Every structure is written in structure tokens, then in C-alpha cells.
2 protein chains.
Amino acid sequence: MTAVPKKSGKRSGAAGNLRAERKAQTRALILQCALDVFAERGFDGASVRDIAGFAGVNHGLIRYHFGDKEGLWKAAVTFLFERLHEEMAAPGEEAGLPPLEATKAWIRRYVRYCARHPEHARIMVQESIRDSGRLRWAIRRFIKPDNEQLQRRFQHLVKQGVYPDIPHHSFNYIITAAAQSMFMLANEMKYVYGIDVADEAVIDAHAEAIIKLFFDHRAGSAAVRSRKS
Amino acid sequence: MTAVPKKSGKRSGAAGNLRAERKAQTRALILQCALDVFAERGFDGASVRDIAGFAGVNHGLIRYHFGDKEGLWKAAVTFLFERLHEEMAAPGEEAGLPPLEATKAWIRRYVRYCARHPEHARIMVQESIRDSGRLRWAIRRFIKPDNEQLQRRFQHLVKQGVYPDIPHHSFNYIITAAAQSMFMLANEMKYVYGIDVADEAVIDAHAEAIIKLFFDHRAGSAAVRSRKS
DNA sequence: CATCTGGTTATCCGATTGAATAGCAGGTTG
DNA sequence: CAACCTGCTATTCAATCGGATAACCAGATG
């Protein structure tokens with residue numbers, strides 16, 4: 001979490017919209033800082049003053065842009081999930097793959113997303129531990145639809161006989177937690193293993209480890225059988 | 001998190017230690033309430049006054065027993081890990097099992113612990129997201145030793161050729177997150193799936209799902225093969 | 001050029017926080 | 001029984017919180 005220099009490039013495009021441009025810039029800057037601070041300290045622990053401080057603006061400005069603290073949180077989370085959907089949109093090539101291979105590609109993409117934006121898991125975990133109206137709002141609006149999509153993918157694998165039939169809620173929490181936790185707990189990784197989770201090699205190796213454990217049963221077993229045993 | 005009635009049974013055992021007995025009772029009561037509140041709101045979000053309120057004592061008393069807020073947190077976390085070690089101690093029978101079966105038994109025990117005490121994962125995740133001195137304290141004192149124990153178990157499986165060789169830190173975060181997350185995020189489970197994670201059937205099914213995905217590669221594949229495919 | 005609008009800052013408010021201090025009451029001890 | 005610890009409560013304090021209001025001023029408008 002680093003403070004961001006204020007109003008670096010103004011560059012008014014044409015005429016007339018200079019003010020609107022700066023307003024949008026300021027809004028986006030506050031949102032990004034809000035994501036970081038909310039993720040690190042939780043809703044109650046984060047202070048509007050700190051967020052404004054990191055963004056280099058007066059704390060009263062947040063009230064102007066977002067109404068109140070909860071409005072800021074909801075705007076930040078909306079931005080978070082819209083970015084998730086953008087970055088997780090599958091490239092066209094994936095449609096042609098068989099379902100298991102498509103799921104492996106999805107895992108690799110999701111693990112890289114978790115590494116790139118650890119604040120996502122952090123902010124949602126913080127909110128889910130407490131039982132707030134904000135959690136219910138985010139679930140109804142973002143989490144439940146996303147989850148139904150994952151459920152369809154999972155059921156497809158099971159129906160094709162290519163995956164064992166376990167309760168879907170278990171599958172969901174196991175797979176997402178496996179992908180998120182290492183990056184969500186980057187500080188713990190640093191102190192326990194001395195490993196920097198920003199390292200590309202660590203990220204890719206983690207994705208492959210998940211795929212090996214979850215989706216390469218036969219190949220995994222074969223690899224095991226090829227050992228001395 | 002429910003408020004606890006104050007001083008229910010005093011029952012002075014013999015003579016002389018009536019005061020000491022009540023003191024220990026009060027201390028334990030405060031610790032339990034502190035665990036719940038710290039887990040739900042994080043260190044900064046939790047107020048000493050709230051913890052004292054749930055315990056039914058004056059907030060000044062916490063200063064008397066634990067010095068300051070950080071002292072209370074450390075005492076609570078110490079209690080947490082000592083209870084973990086007690087409840088995770090393997091019954092003697094497990095020593096005779098082959099390593100893979102022993103690990104399965106360990107998984108079942110750990111999943112039940114996570115369900116019984118979701119505040120453990122919650123409090124440590126909250127602290128790890130922020131990079132505090134408290135996190136480093138807990139890692140040096142509890143997490144690192146526990147982790148080395150898990151690493152030895154894992155390496156034993158790999159050496160016996162009974163488990164695929166993936167980076168240990170990946171294995172660690174995948175397996176513990178898979179066990180913890182559903183119970184840590186009990187509120188999300190409630191709203192997304194309408195499932196109560198206190199249900200024994202849900203807990204046991206989750207443990208078996210983890211075992212099926214992680215440790216029953218051959219059996220899992222066989223189960224898959226027996227379908228129409 | 002004069003006026004107006006809207007993004008932003010400065011400042012104030014009551015509530016709550018962690019911490020500190022003084023005092024009380026009842027169990028303990030000689 | 002009387003003096004004395006000690007576990008506990010009541011109260012105070014400065015700091016910080018979220019929210020509200022008024023002033024400000026650069027840029028849009030006519």
C-alpha cells in the first residue's frame with residue numbers, strides 16, 4: 001500500500017470535459033486506495049481519513065463522491081468484481097478445448113488473477129467473517145451469479161464422468177481457497193518460507209500444483225507408480 | 001458470539017484459594033470472549049470495551065489482567081494454539097497405520113477442529129492480511145513449528161512414493177485452506193448455499209471430499225471409470 | 001468579461017477508542 | 001477482630017473516528 005502522487009498527468013483531451021476527466025481520475029484513485037485499505041484493515045478498521053490520505057485528497061471529498069463510508073465500500077467492491085469479470089473472460093481459443101482441459105486453463109487464469117489482485121480475497125474474507133449487510137449485498141449481486149457459473153462447469157465435468165462427484169459447496173470452497181490462500185496470506189508466506197509470492201515462477205508452480213492434485217488423477221497416479229514404490 | 005452470565009458457580013473448593021479460583025475463572029472468561037471478538041473484527045476493529053462487555057466485566061479489568069490490548073491478544077492466541085495442540089494430539093492407535101491412512105485420519109481430525117473452532121482460522125487470517133508484529137510473534141512461536149511438523153509428514157508421503165512431489169508451501173496452503181475455508185466463511189455458506197456448517201453431516205462430508213480429491217487418486221479414478229463414460 | 005457551477009478543502013461536532021488513575025469492597029491473614 | 005492485600009469498578013483523558021457544513025476557486029457558460 002503506497003501513497004499515490006496527486007494529479008500527475010492532467011492532459012485535457014479536447015475542450016469542455018477537463019473537469020469531468022479530473023473528477024473521474026480522482027474517483028478512480030480513491031477507489032484503488034479504498035480497495036487496498038479495506039482489504040488490509042476491514043471495513044471498521046479502515047478509516048475514511050486514511051484512505052483519503054493515501055489518495056492525497058481531503059477526507060471530505062469521499063463524502064462528496066460516494067456519500068458515506070458504505071457507499072465507498074460498495075463502489076470499490078463493484079469495481080473489484082467488474083475487473084474480475086474482465087480479466088477472467090476466457091480467450092476464444094478455450095471454447096474448443098475438452099471440458100477438463102478448459103477447466104485447467106481456467107485454473108491457471110484464476111491463480112494468476114489471485115496473485116495479481118490479492119486484495120480481492122482479502123476484502124471478501126474480511127467481510128464474510130463478520131455478518132454484515134454488505135456481505136449479503138455482495139453475495140446477491142456478485143458472488144451468487146459467479147458461483148452458479150462455476151457450479152455449471154463442475155456439473156459438466158461430473159456428468160461427463162471425468163470428475164468425482166463430491167458436494168458442490170465443498171468443491172467450490174476447496175478449489176477457490178486453494179487458489180487464493182497463498183496470495184491472500186502473502187505476509188505469512190514471506191515470514192514462514194521466505195518466499196515472495198510476486199515471483200512468476202512461484203505463481204505458475206502453484207497453479208500446476210493445484211492442477212496436479214485436483215485434475216491429473218490418472219497422470220498423477222501414473223507419476224506415482226513410476227517411482228520405486 | 002453470546003454474552004456470558006457472570007460468576008455462575010463460585011463453589012469455593014477448600015479454603016484460601018477462593019479468590020484465586022475466581023480470578024482464574026474471570027481470566028478464562030475474558031480470553032474466550034476476546035477470541036470471538038478478535039476473530040470477528042480483527043485486532044483494530046475489536047474494542048476492549050466490547051470484549052469486556054461480552055464477558056460482563058468492567059473494561060478496566062482487562063488492563064489489570066493482561067496489561068494492554070496487545071497483551072490480551074497474545075494471551076488469547078496462546079490459549080488458542082495450546083487448545084489446538086491438545087485437540088489435535090493423535091490417539092495412540094494412529095501410530096500403527098500406514099502413512100497415507102494416518103494422514104487421512106489427520107485430515108478428518110483437522111477438518112473437525114476447523115468446524116469446532118472457526119475463530120482460529122479467522123483470527124490468524126485477519127492478522128496475516130495486515131503485516132503486524134503480532135503476526136511475526138505468532139509465526140515464530142506457533143506457526144513455524146507446527147508447519148515443520150506438517151512438512152515432515154508430507155515429505156514422508158513423497159519419499160514413500162505415495163504422493164506426487166509438489167512444492168511444500170503449495171501443499172501446505174492448499175490443504176489447510178481447503179480444510180478451513182468453508183468454516184471460516186460460514187456466513188457466506190449460509191447465504192450462498194443455505195447450508196449450516198455446524199451440521200455434522202456437512203462436516204464429515206467435507207472431510208471425505210478433501211480425502212477423495214487429494215488422497216484417493218486411484219480409488220477416485222476407479223469411481224470415475226465405473227460411470228457410463 | 002461577468003456569472004455560475006461543481007470539485008475540493010478547511011473546520012467543527014458528538015461518539016468512541018485505548019489507556020490511566022483513584023477508589024472500593026470483600027476475602028485473607030496475623 | 002482488625003489491618004491489609006487484591007480483584008474489580010468508576011471516572012477521566014487525549015486521540016481519532018464518521019459525518020456534516022461552509023467557504024473556496026478553477027473552469028464552464030453566456
Side-chain angles (χ1 to χ4, degrees), chain A residues 4-7 10-31 33-34 37-38 40-76 132-134, chain B residues 4-7 10-31 33-34 37-38 40-76 132-134:
Chain A
V4 182
K6 185 180 160 189
K7 295 169 191 166
K10 42 178 72 174
R11 192 186 64 84
S12 63
N17 56 353
L18 197 152
R19 281 174 83 133
E21 219 173 85
R22 291 244 286 229
K23 178 177 182 178
Q25 272 184 18
T26 303
R27 224 188 96 100
L29 177 58
I30 294 174
L31 275 186
C33 294
V37 177
F38 277 135
E40 183 175 324
R41 311 188 193 176
F43 183 81
D44 291 320
S47 87
V48 173
R49 282 170 160 84
D50 276 349
I51 295 171
F54 280 110
V57 300
N58 186 281
H59 75 272
L61 189 57
I62 286 181
R63 172 173 165 77
Y64 170 76
H65 278 289
F66 304 99
D68 61 0
K69 195 181 181 182
E70 185 149 326
L72 173 62
W73 188 90
K74 287 184 177 175
S132 64
R134 297 182 299 278
Chain B
V4 183
K6 185 180 159 189
K7 296 170 190 164
K10 41 179 74 176
R11 191 184 65 83
S12 63
N17 56 353
L18 198 154
R19 277 173 87 128
E21 217 172 88
R22 292 242 288 227
K23 179 177 182 177
Q25 271 184 18
T26 303
R27 224 188 97 101
L29 177 58
I30 293 174
L31 275 186
C33 294
V37 177
F38 277 135
E40 182 174 326
R41 311 187 194 176
F43 183 81
D44 292 320
S47 88
V48 173
R49 283 170 160 84
D50 276 349
I51 295 172
F54 280 110
V57 300
N58 187 281
H59 70 271
L61 188 57
I62 287 181
R63 174 173 164 77
Y64 170 76
H65 277 290
F66 304 100
D68 60 1
K69 195 180 180 182
E70 184 149 328
L72 172 61
W73 188 90
K74 287 184 177 176
S132 64
R134 298 182 298 277

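Each chain gets a letter, A, B and so on, in the order its sequence line appears, and its residues count up from 1. Because only heavy atoms are used, hydrogens play no part in the values below, and waters and symmetry mates are left out as well, while side chains stay in. In this text the structure is predicted, and so the values were computed from the model without any measurement.
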Rounded to the nearest Å, what distance is computed from the [atom1] atom of residue [X] to the [atom2] atom of nucleotide [N]?
| X | N | atom1 | atom2 | answer |
| --- | --- | --- | --- | --- |
| B:His65 | D:dT6 | NE2 | C1' | 10 Å |
| B:Phe66 | C:dA19 | CZ | P | 14 Å |
| A:Ile62 | C:dT8 | CD1 | P | 12 Å |
| A:Arg41 | D:dT16 | CZ | P | 13 Å |
| B:Asn58 | C:dC24 | CG | P | 15 Å |
| A:Leu61 | D:dG19 | CG | P | 15 Å |
| B:Arg27 | D:dC8 | CZ | P | 12 Å |
| B:Asp68 | D:dA15 | CG | P | 19 Å |

[X] [atom1] to [Y] [atom2] distance, which is reported to the nearest 0.5 Å:
| X | Y | atom1 | atom2 | value |
| --- | --- | --- | --- | --- |
| B:Ser132 | A:Glu40 | OG | CD | 9.5 Å |
| B:Arg41 | A:Asp44 | CZ | CG | 7.5 Å |
| A:Glu70 | A:Arg134 | CD | CZ | 5.5 Å |
| B:His65 | B:Thr26 | NE2 | OG1 | 5.5 Å |

key: Contact residues, residues 42-52 of chain B to DNA chain C [heavy atom, < 4.0 Å]   = B:Ala46, B:Ser47, B:Val48, B:Arg49

note = Checking D:dG19, D:dC8, C:dA19 against the side chain of B:Thr26 (C-beta onward), the nearest is D:dC8

message = I want to check something: taking the side chain as every heavy atom from C-beta on, are A:Leu72 and A:Leu31 in contact at a cut-off of under 4.5 Å?
response = yes

request  = With the side chain counted from C-beta on, respond yes when B:Arg27 and B:Phe66 share a heavy-atom pair under 4.5 Å apart, and no when they do not.
outcome  = yes

request  = Report yes if a donor N or O on one partner sits less than 3.5 Å from an acceptor N or O on the other, where the partners are the side chain of B:His59 and the base of D:dA10; otherwise report no.
outcome  = no

message = Quick check: on DNA chain D, is the nucleotide nearest A:Gly60 upstream (toward 5') of the one nearest B:Gly60, or the reverse? Name the residue that is more 5'.
response = B:Gly60

Could you tabulate the donor-acceptor pairs under 3.5 Å formed by side-chain atoms of residues 51-63 of chain B, not counting sequence neighbours?
unit_1: B:Asn58; atom_1: OD1; unit_2: B:Gly60; atom_2: N; d: 2.8

Give me, pair by pair, the N or O atoms of the protein and of nucleotides 24-26 of chain D that are less than 3.5 Å apart, along with how far apart they are.
unit_1: D:dA26; atom_1: N3; unit_2: A:Arg19; atom_2: NH1; d: 3.4

inquiry  = Determine whether a donor-acceptor pair (N or O, by modelled atom type, separation under 3.5 Å) exists between the side chain of A:Lys69 and the backbone of A:Phe43.
reply    = yes

